[in-house]
There are 2 protein chains.
Amino acid sequence: MTTQQTTPTSLPVRSLEPTGAEVPSTVPTHWYNLAADLPEPVPPHLHPGTREPLTPDDLAPLFPLSLVQQEVTTERYVEIPQTVREIYALWRPSPLVRARRLERALGTPARVYYKYEGVSPVGSHKPNTAVAQAYYNALEGTTKLTTETGAGQWGASLSFAGALLGLEVEVWQVRASYDAKPYRRAQMEVYGGVCHPSPSDLTEAGRAMLAADPDTTGSLGMAISEAVETAAKDPAAHYALGSVLNHVMLHQSVIGQEALVQLDEAGEGAPDVVFGCAGGGSNLAGLTFPFLGRNLREGTTTRLVACEPAACPSLTQGEYRYDFGDVAGLTPLLKMHTLGKDFVPPAIHAGGLRYHGMSPMVSHAVNLGLMEATAVEQDDAFAAGTLFARAEGIIPAPESTHAVAAAIAHARAATEPEVIVLGLSGNGVLDLPAYAAYV
Amino acid sequence: MTTQQTTPTSLPVRSLEPTGAEVPSTVPTHWYNLAADLPEPVPPHLHPGTREPLTPDDLAPLFPLSLVQQEVTTERYVEIPQTVREIYALWRPSPLVRARRLERALGTPARVYYKYEGVSPVGSHKPNTAVAQAYYNALEGTTKLTTETGAGQWGASLSFAGALLGLEVEVWQVRASYDAKPYRRAQMEVYGGVCHPSPSDLTEAGRAMLAADPDTTGSLGMAISEAVETAAKDPAAHYALGSVLNHVMLHQSVIGQEALVQLDEAGEGAPDVVFGCAGGGSNLAGLTFPFLGRNLREGTTTRLVACEPAACPSLTQGEYRYDFGDVAGLTPLLKMHTLGKDFVPPAIHAGGLRYHGMSPMVSHAVNLGLMEATAVEQDDAFAAGTLFARAEGIIPAPESTHAVAAAIAHARAATEPEVIVLGLSGNGVLDLPAYAAYV
């Protein structure tokens, strides 16, 4: 038998119709929108020039109409397109697992559950929104998406979604990560994505930044400026953001909605406390908002705790005010907890948590006292991640270890059989050198 | 809130009792043993000195009694201990997915299914036997396991199993991979494993090899010699092999047993053809032996195809004869397809397929005409892997791409709606530089 040549097509043909695959009923049919249940509305995004609330027209150069509508809707549920559900079904529902070996190692009376997003093809929760964003863009005729990425999870996720839904993807990756993490860049390229280091000489914003500091290692805020500028200049291109915005929080709600059902199936009532790691806020919101909505609608009292790195503490140390999402000031003004758009975080390993701001919805919930926040030192985070790996077998993403550390500390202090849920936003397979430096 | 210090214990306390977790009924309760259904018995392993069939006493210095018994049993089913099933349930049953997007991209009338082992915590099928071997060793009092590893999947899998079941793990990794693949070494270390480059100066075999060729980049056969020597000299240590031996094929049978049930649930009868990649043979055997057993018992006619690299073609180019499993000649003599124990494969990327020999059970099945074999060129393999990634979203392990290439070629040529199953033995996340070199 001779194997025929199997030259890959550059990208599969765009195909937005469902394939007809059977999707399990346990994959959510709708996204949940916390805005429907909040006691006060989320402050609107403002136009950077006029400081007036944004109109849909303001966002049209960057986003398709469906996503603009999702950014401002107060409907409680938004239907998930069947094509998106089919792709979700490749890894959803993600597992909710009781960490019995970890409980045994800690000697805790608490029951500890982890919700694990690392089973997705790129190893994190990011594809939950990447697939949705790519779908609506493709449906409305976009042929190219631009975006930024830090450690690379988001750029890889959008490249994955672009491959399956027939979109070109162009990514600006923070220079420090571009140089240090070649695996993530290769991941984008296997999916057909194109990745540039940021700042680059491909954009006005990038050239200005390089002129000001030729040796800069970049930041997410800089990379956002380059991706936004490129999309705004190309009528066939749109921009995609992997966190922070309201529609991203909406898409990630599949995490917490599944967890509610899975806890019910495990015979647990409302958990006592849920820990999620927080960078831009999307994993945290995805996991906790469905629990928060139930608290608000039904009077349950589940505590919700945002776990952020002590080195980039927007919720615990930042101001709650309007600020730009990027360095160049090209984005709308967002009401959020911020360390200031020019904040350059120290080179901590948890790349995905290195952002100066925080999701306006998460910021609003914390400001209203509906959620708590805690800062975790990096050494504690890696120690917790290593303990978790040796007990449960999964090496958590560095981002996720912040939630693991807070949950372990809580479980160690527990004297009652309370129920703890922690969000494992991804696996740490492509962050092993960071662990090696710790171990 | 202040996070408490969470210093990891060096290893969790050994705990072989089940935790009481509910294990889905879809996780197999027994391993399937092809030896019960073969028309002729598998040729016995021979003592390297006497050339007589091995006795259990001969293997006692290296393996626990349970595994020695499993090596020679002809019982059709062996019960899986509940503690092993609980750990399996972290990722089992692994998904069987119909590759509808790939079918659409190929325009094939065939229905293509992939059985995906990359959802395990280390990303491949190897933990299926690592957990079983660690369990029986721990049960019989072993405190340390030694092994060899090539690309590192097996070393990481055994380290993972050792962490969960309370065993020290010491790994000799082929020097070329030790230097080129620091991520895998870090993975072993996060799980508490210790990893040496091979040849090392820690063993007589290693010192002799270094004396003969100080610049050698090593081979699996060399690394086996070092691990075997170390285990044989330490009464508390045993040796573990990740492929080749009969008990490894037994443990991997969970793959194919699940696939049989999953195909039934999908409404398919016996598939027309199953493609599995073949290095030492364990993934291939795990996937195909349950289908082969059904062919032999029930007269189904599923074709079973071993897909090996053209650069290391033991089945298609090797001799079928008794040979050693290692370079130094410390192992028993195994009747197998072999390129000769001193064969040093070219530095192809698919590290897990770089072995001079082949599982005696697989070799026997091929020799009896019950299975076929084909050799795949590396460029075809990576092209197929890239196409698969862009259509289905999963980046296959380089080893798996050999099966993907053969399956794609078959699907392209299909004129009838036949049913194709391919084994995706792992994901390629830690092999992305190899893809980058191709892309």
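Below, all heavy atoms of this structure are taken into account, side chains as well, without hydrogens, waters or symmetry copies. Every chain is numbered from 1 and lettered A, B, ... according to where its sequence line falls, protein lines coming before strand lines.
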Student: Taking side chain as everything from C-beta outward and backbone as N, CA, C, O, which of these in A:Arg104 sits under 4.5 Å from a heavy atom of chain B? Side chain, backbone, both or neither.
Tutor: side chain
Student: Given heavy-atom pairs under 4.5 angstrom as the criterion, report whether the side chain, backbone, both or neither of A:Ile395 touches chain B.
Tutor: both
Student: For A:Val439, is it the side chain, the backbone, both or neither that has a heavy atom under 4.5 Å from a heavy atom of chain B?
Tutor: side chain
Student: Who among B:Ala89, B:Ala21, B:Pro121 has the most heavy-atom pairs with chain A under 4.5 Å?
Tutor: B:Ala21
Student: Is it the side chain or the backbone of B:Val97 that comes within 4.5 Å of chain A heavy atoms, both, or neither?
Tutor: side chain
Student: If I measure from the heavy atoms of chain B, does A:Phe160 come under 4.5 Å with its side chain, its backbone, both, or neither?
Tutor: side chain
Student: For chain B, which of A:Ala436, A:Gly20, A:Pro182 has the most heavy-atom pairs under 4.5 Å?
Tutor: A:Gly20
Student: Heavy-atom pairs under 4.5 Å with chain B are the metric here; pick the option from A:Arg184, A:Arg185, A:Gln187, A:Glu22 that has the most.
Tutor: A:Gln187
Student: Can you see which heavy atom on A:Leu90 is nearest to which on B:Glu392, and at what distance?
Tutor: CD1-O, 3.5 Å
Student: With only heavy atoms counted, which part of B:Leu430 is less than 4.5 Å from chain A, the side chain, the backbone, both or neither?
Tutor: both
Student: How long is the straight-line distance from CH2 of A:Trp91 back to OH of B:Tyr116, given to the nearest 0.5 Å?
Tutor: 12.0 Å
Student: Heavy atoms only: give me the nearest B:Ala389-A:Val190 pair and the separation to one decimal.
Tutor: CB-CG1, 3.8 Å
Student: Any salt bridge linking A:Arg101 with B:Glu86? Criterion: basic side-chain nitrogen under 4.0 Å from a carboxylate oxygen.
Tutor: yes
Student: Can you measure from OH (A:Tyr183) to OH (B:Tyr435) and round to the nearest 0.5 angstrom?
Tutor: 14.0 Å
